[in-house]
Structures are given as C-alpha cells and as structure tokens.
Amino acid sequence: MSADEATSPYTLQADDEDGDEHRHVFWADRIADEIAAREPDDPIVIKGGISPSGVPHFGNMNEVMRGYFVAAVLRERGHEVRQVFTADDRDPLRKLPRKLANLDGELVDLGDVNAGALGRNLGRPYTDIPDPFGCCDSYGDHFSALIQSSADALGVPIELASNTRLYEDGEFEDVTRFLLANADTARRVLAKYQDKVDADYVPFNPICADCGKVTETVTAVRPEAGEVDYECTDMEAGGDTIAGCGHEGTATLREGKLPWRFEWPAQWRVLGVDFEPFGKDHAEGSWPSGDDVARNVLGDTPPVPMVYEWFTLDGKAFSSSEGHVVLVEDVLELLEPEVVRFFFAKNPKRARDFSIERLDQLVDEFDRFEQLYFGEVEGTEDETARAERVYPFVVDEVGPDRIRLPFTFAAVLGMFDDPDLREQVARKEGHIPDDADEETVEAALARVERARNWARRTDNEFNYELKRAEIPDVDLDPATEDALDELADFVAEGHDGDAIQGQIYETAKRNDMDIGALFTAGYRLFFDEEQGPQLGTFLGKLDRDFVVARLRRER
RNA sequence: GGGCCGGUAGCUCAGUUAGGCAGAGCGUCUGGCUUUUAACCAGACGGUCAUGGGUUCAAUUCCCAUCCGGCCCGCCA
C-alpha cells in the first residue's frame with residue numbers, strides 16, 4: 001500500500017464516504033460510525049495513553065474523555081467496549097520537571113523532593129526510578145496512580161495498562177521479534193519520516209544492565225534467539241546529553257523498548273485497538289508514520305484516528321513541568337462532574353480556553369443545555385437537537401427534578417457558613433420550589449461549596465468578605481450619613497431582613513437620595529465593595545449590635 | 001522554508017463534512033415590574049463570518065493568495 005492511501009487523522013472533517021444521510025449533532029456519533037463501518041469484533045477497544053512523566057493535568061484528560069464518549073455511543077448501540085489507557089511508563093525520563101504533585105494532587109516544587117536523587121535517574125524508564133514521594137513503587141507508578149485517580153474522579157472506567165508490564169510479560173515480544181527480523185522494511189518505511197534512519201538503525205532500544213538507561217546503540221541483533229547486543233552510549237535529550245556508561249552487554253526483547261514510532265503501532269496490535277484519539281501534536285508526525293508502519297510493516301489495519309485540539313488554561317498553554325496546570329481533582333472542587341464532562345463533549349476540533357475566571361459562564365451554558373434537554377427553555381433547532389442527543393452521556397442520571405442554583409448566586413450564598421441559612425435564602429429568592437424534597441435540596445446546595453471555592457480561588461466580585469474587624473475607609477455625604485443613621489435606628493428596633501430591605505428603599509426616598517447610592521454606601525461599609533448580596537436580608541442575619549454600630553460608622 | 005489545524009457579536013460558543021436571508025446564551029443599553037443590587041419580563045444595540053481575490057444565479061461554507069494563533073516537519077513522546 002502506498003503512502004497516498006494513508007488515513008487522514010482529521011476524521012471529523014473527512015467526507016462521509018458512505019453517503020450517510022444523517023448528519024450528526026454529536027461528534028462521537030460520527031466517530032462511532034467510522035468504527036462500526038469496519039465491523040470490528042467485540043469487544044471494541046478504545047485506547048488513550050500518556051507518559052507518566054509528571055502531573056497529569058486537565059488537558060491530558062482529553063485522552064480519557066474523548067474516548068469515553070465514543071465508548072458510550074458504541075455501548076448504546078449494543079457493542080461491548082473496553083477503554084484501555086496505556087501508561088507509557090517505559091519511556092525514559094529526559095528532563096526534570098520543575099513541578100511534581102503528591103498523590104493528593106498538590107503541586108510540589110522539585111526542590112522540595114529529593115531533586116538530586118531524581119537527577120541521577122535521567123535516561124532511565126519511569127518505572128525504574130524511585131518515587132520521589134516514597135509512596136509508590138516507582139516514579140512511573142506514582143504518576144500512573146494520579147492518572148487513574150483522575151479518570152476515577154470523572155467516573156470513567158479505564159483499564160490502565162502499564163507499558164513496562166506489557167514488555168516484562170512478553171506481550172511485545174512477538175511484534176518486537178518481527179520488527180527486528182524485518183528491520184529492512186521497518187527502516188525503509190520509517191526513513192520516509194525520519195532522516196536519522198540509516199542502514200544501521202535498529203528498531204529496539206535495550207535497557208543497559210549496568211546503569212539502567214535506555215540505550216540507542218545496538219551492535220548485533222539475533223531475532224530468533226530474542227537477543228540484542230548493545231553498547232551504552234550517550235543520549236541526546238532536548239539539547240542536553242545524558243551520558244552513557246559505556247557498558248557492553250546483551251539484552252532480551254523484554255529488556256528494552258521499541259522507539260515510539262514503532263511502539264505505538266505495536267500497542268495497536270497487542271491491544272487490538274480500534275479507535276484512538278490523540279492531540280494535534282501527533283497529527284502530522286507520529287500518526288502518518290504509525291499508520292504507514294502498521295499497514296506496510298506489520299500488515300495491520302491501524303485504528304480509527306481522531307485529532308483533538310489542545311486546551312489552554314486561562315489563555316496559556318498547559319505546562320506540567322512549569323506548573324501551569326490544574327488537575328481534575330482541583331477542577332472538581334469548582335465544578336460538578338457533569339459540567340466537566342459537558343466541556344469535553346464539545347467539538348474536539350476547536351481549540352478552547354479553560355478559563356477558571358469565567359467558569360460561571362461554562363456552568364450557565366451547561367444549565368441551559370440541561371434545560372434544553374428537558375424542554376424547559378426554547379432554543380434553536382440545532383441547540384435542542386444537540387442537547388437531546390448529548391445530555392444523557394454527560395450526566396450519570398437524567399433527573400428532571402434536579403435544582404440548579406445559578407452559579408454566581410451559589411457563590412454568593414457561600415458567604416453564609418450555616419447550611420440552613422443558605423437554604424433559607426435560596427428559598428426566599430425563589431431558587432428552590434416549595435415542594436422540593438430534602439435530597440434534591442441537598443444536591444442543589446452542594447453547588448454552593450464549589451461556587452464558593454471558585455469565588456475564593458479567583459477572588460472575584462462574588463468573593464464577599466464581611467469587613468467585621470475594621471470599618472472600611474469610606475467618604476459619605478451628609479445626606480447619606482443621615483439616611484444611614486435613620487436606618488441604624490430602624491435596625492436597632494429589631495426587624496427581620498425583609499423589613500430592613502424595604503426600609504432601605506423607604507429611607508432613601510425619605511431623604512430624597514438615589515436608592516442605588518444608599519445601597520452602594522451599605523456595601524462599602526460592610527464589604528468595601530460597590531455591590532453585594534441583597535443587603536437587607538444580609539444585615540438581618542448579622543448580630544444587631546454590630547450592624548447598628550457599623551451603620552452609625554462607630555466601628 | 002514545507003505541511004497541517006484553527007480564526008464566526010464585547011465574552012462563551014453553535015452553524016461549515018452536502019453553497020440558499022448570520023444564530024444562541026451571557027454582557028451592554030432602554031423600558032416595565034408598588035423593593036434594580038444575587039432577579040424577573042419586554043425590547044434594542046451588537047458582525048466585512050480574520051483579510052483580499054476567484055468560481056457561482058447565490059459563498060461563512062468551494063478554490064487561490066495573505067495575516068494571526070497553534071502543531072508537525074531534528075530528537076523524544
């Protein structure tokens with residue numbers, strides 16, 4: 001097969017060759033069609049994978065979530081699906097990340113762990129490097145555990161497969177032997193993509209028995225015996241040189257790894273992969289060569305590919321090594337899992353910014369999406385069709401009776417520590433129907449914690465802080481001062497929040513001043529902000545002496 | 001330098017695979033609601049669909065060129 005028969009990885013924009021007449025509102029349906037057209041045997045295998053080289057961040061979850069939606073669609077169609085995720089943990093550590101994370105997902109500076117010990121392991125497989133936190137069997141296992149817990153947190157069942165384990169168990173042995181026996185073909189194909197591939201190139205990198213580094217210099221190959229001889233030479237890694245130890249030895253096919261361009265197709269064969277999503281970094285490099293290697297070296301059909309665009313985080317590229325990351329666990333302190341899944345259900349072709357600052361916008365979008373599904377709001381034909389198709393895949397359970405507090409409202413409710421007070425205010429504002437059962441109300445109020453975390457984290461205008469200790473520095477004109485004094489007298493008489501709220505309006509009118517100005521003065525005095533929660537209700541909840549004194553600007 | 005992906009309202013995004021009046025939400029503005037402030041209702045404003053050409057009765061959509069952002073083309077994954 002020639003190169004022009006190669007598969008474009010841009011599956012979502014390819015022409016539909018079947019002339020399939022239904023247009024899909026959900027990209028995962030389109031992919032599922034592609035997979036089904038090949039009539040694969042069950043179970044259908046969907047793969048993702050990353051190197052456990054450092055903190056697995058929110059953007060990495062594309063590898064899990066994109067596959068998840070395709071799996072869900074295929075399951076809906078009656079297929080058995082396995083979602084496999086390879087931890088590419090035999091890859092060598094090439095450079096030290098500046099930030100690591102403990103098993104709780106807390107970021108840690110390299111300097112706070114034993115950086116020196118880590119530095120001595122450059123060039124060795126992640127699974128052969130001690131865990132810098134000392135809690136797992138290896139560096140690789142540590143970060144694999146984080147990948148697993150991230151997938152768990154999103155409710156996606158993945159079968160995590162350790163690449164190292166696959167090598168050790170001999171799963172790659174046959175395909176490795178085949179590649180070594182057919183090294184000429186392998187070289188010829190890969191040379192189309194990589195200039196460095198010459199007559200001496202060997203598609204296998206043994207691990208040095210002496211220093212443990214992945215080596216690149218193979219001096220003899222005996223495929224039948226399942227052995228290679230090697231010399232441990234220097235390795236180039238990102239401009240730096242990792243020194244080899246010079247050891248000359250012999251390795252079995254289980255004691256090394258395939259170079260990535262062969263390892264990927266080998267994984268497809270060994271795991272029987274039918275579909276794999278991957279980031280755009282692979283689209284023009286490893287995919288074309290992998291596709292070619294699979295077809296023309298191994299004689300396999302490569303999986304259905306799908307390129308996804310990368311996310312940015314608050315406008316900047318995610319960077320594990322530099323610590324510009326957010327982990328799934330962090331995100332789930334701010335968003336419900338269904339909102340996170342909703343984000344990943346959007347078109348993979350589009351580069352998106354995951355904006356922590358504007359998470360309220362994402363949540364509002366989700367809430368509307370949900371209302372569209374339940375027919376509670378009007379939308380365009382496309383919006384409605386999309387909501388009807390996608391919503392069930394995004395939530396664990398379709399619940400028409402759920403209550404969603406508007407996110408920013410929930411953030412403001414967060415200033416009350418007392419759960420009863422939160423509920424009371426939410427009811428008063430009409431966000432909780434009278435007939436809602438206890439469980440539903442509790443579920444609705446769960447958003448308050450997340451919204452509160454968001455307000456705190458971004459320290460935005462919803463992060464209200466009562467300035468109790470000290471009176472904010474505020475300039476007031478005499479008319480406002482009079483009004484505040486009158487209001488103080490009213491509060492001192494003992495009235496509830498509703499009455500105080502009404503009195504603010506009355507007082508402003510009586511003093512012939514702008515209502516907004518009086519509210520602003522109030523917010524200034526209590527929050528040092530221009531706006532805030534419904535003032536009367538809020539003041540009604542505070543201790544009366546303090547409120548009276550503050551309105552009189554006494555303390 | 002070559003290839004690829006993306007660019008749609010102030011913001012967040014649908015729509016582009018198959019050419020047929022430019023869309024939604026939020027925000028903004030105006031008005032209303034006997035209490036605008038964390039609302040609700042009604043309406044308005046908001047666009048050279050990145051730019052310039054071409055094909056076409058008709059182009060956001062197809063073709064060519066250009067600009068911007070990102071990725072790949074060394075190594076590695």
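Below, chains carry the letters A, B, ... as their sequence lines are ordered, and counting in each starts from 1. Bear in mind that the values here come from a model prediction, so they are computed numbers and not experimental data.
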Using a 4.0 Å heavy-atom cut-off, does [X] contact any base of the nucleic acid, only the sugar-phosphate backbone, or nothing at all?
X: A:W264; result: nothing
X: A:D195; result: sugar-phosphate
X: A:E263; result: nothing
X: A:V425; result: base
X: A:G536; result: nothing
X: A:S53; result: nothing

- Message: According to side-chain hydrogen bond (donor to acceptor under 3.5 Å, both in side chains), who are the partners of A:T520, at least two apart in sequence or on a separate chain?
- Response: none
- Note on the structure: Across all chains, not counting sequence neighbours, the side-chain hydrogen bond (donor to acceptor under 3.5 Å, both in side chains) partners of A:D29 are A:R389
- Can you list the residues that meet the ring pair (Phe, Tyr, Trp, His ring centres under 6.0 Å) rule with A:F354, with sequence neighbours excluded? A:F58, A:F343
- Salt bridge A:D528-A:R524, side-chain N to carboxylate O under 4.0 Å: yes
Can you tabulate the close N/O pairs, meaning under 3.5 Å, that link protein atoms to atoms of nucleotides 25-30 of chain B?
residue, atom, partner, partner atom, Å
B:rG25, N2, A:Q361, NE2, 3.4

Choosing from [options], which nucleotide comes nearest the side chain of [X]?
X: A:D88; options: B:rC76, B:rU35, B:rA77; answer: B:rA77
X: A:I515; options: B:rU37, B:rC75, B:rA77; answer: B:rU37
X: A:N347; options: B:rU17, B:rG15, B:rG74; answer: B:rG15

- Task: Tell whether A:R352 reaches the base of B:rU12 with its side chain through a donor-acceptor pair below 3.5 angstrom.
- Result: no
- Item | Pairs meeting criterion salt bridge (charged side-chain N to carboxylate O under 4.0 Å, His left out) with involvement of residues 304-321 of chain A, two or more places apart | A:K280-A:E309
- Message: So, does A:R386 get its side chain near the phosphate of B:rG23, meaning an N or O under 4.0 Å from OP1 or OP2?
- Response: no
- Query: Looking only at side-chain N and O atoms, does A:Y505 come under 4.0 Å of OP1 or OP2 in B:rU37?
  - Reply: yes
- For A:D512, which residues count as a side-chain contact (heavy atoms from CB on, under 4.5 Å) partner, sequence neighbours excluded? none
Can you tell me the Watson-Crick or wobble partner of [N], both distances under 3.5 angstrom?
N: B:rC49; value: none
N: B:rG74; value: none
N: B:rA59; value: none
N: B:rC11; value: B:rG25
N: B:rG31; value: B:rC41

- Item | A:F278 and A:W287 aromatic ring geometry - parallel, tilted or perpendicular at 30°/60° bounds | parallel
Which atoms of nucleotides 4-7 of chain B (N or O only) lie under 3.5 Å from a protein N or O atom, and what are those distances?
residue, atom, partner, partner atom, Å
B:rC4, O2', A:Y10, OH, 2.1
B:rC4, O2', A:E284, OE2, 2.7
B:rC5, OP1, A:Q13, NE2, 3.3
B:rC5, O2', A:E309, OE2, 3.0
B:rG6, OP1, A:Q13, OE1, 3.4
B:rG7, OP1, A:R350, NH2, 2.1

- Message: Could you work out, with salt bridge (charged side-chain N to carboxylate O under 4.0 Å, His left out) as the rule, every residue matching A:D88, not counting sequence neighbours?
- Response: none
- Query: For A:R456, which residues count as a salt bridge (charged side-chain N to carboxylate O under 4.0 Å, His left out) partner, sequence neighbours excluded?
  - Reply: none
- Roughly, in whole Å, what's the span from NZ in A:K213 to C1' in B:rC76? 17 Å
- Item | Nearest-Å distance once atom P is located in both B:rU66 and B:rG3 | 9 Å
- Taking all heavy atoms of A:P56 and all of A:I50, pick out the closest pair and write down the distance. CB-CD1, 4.4 Å
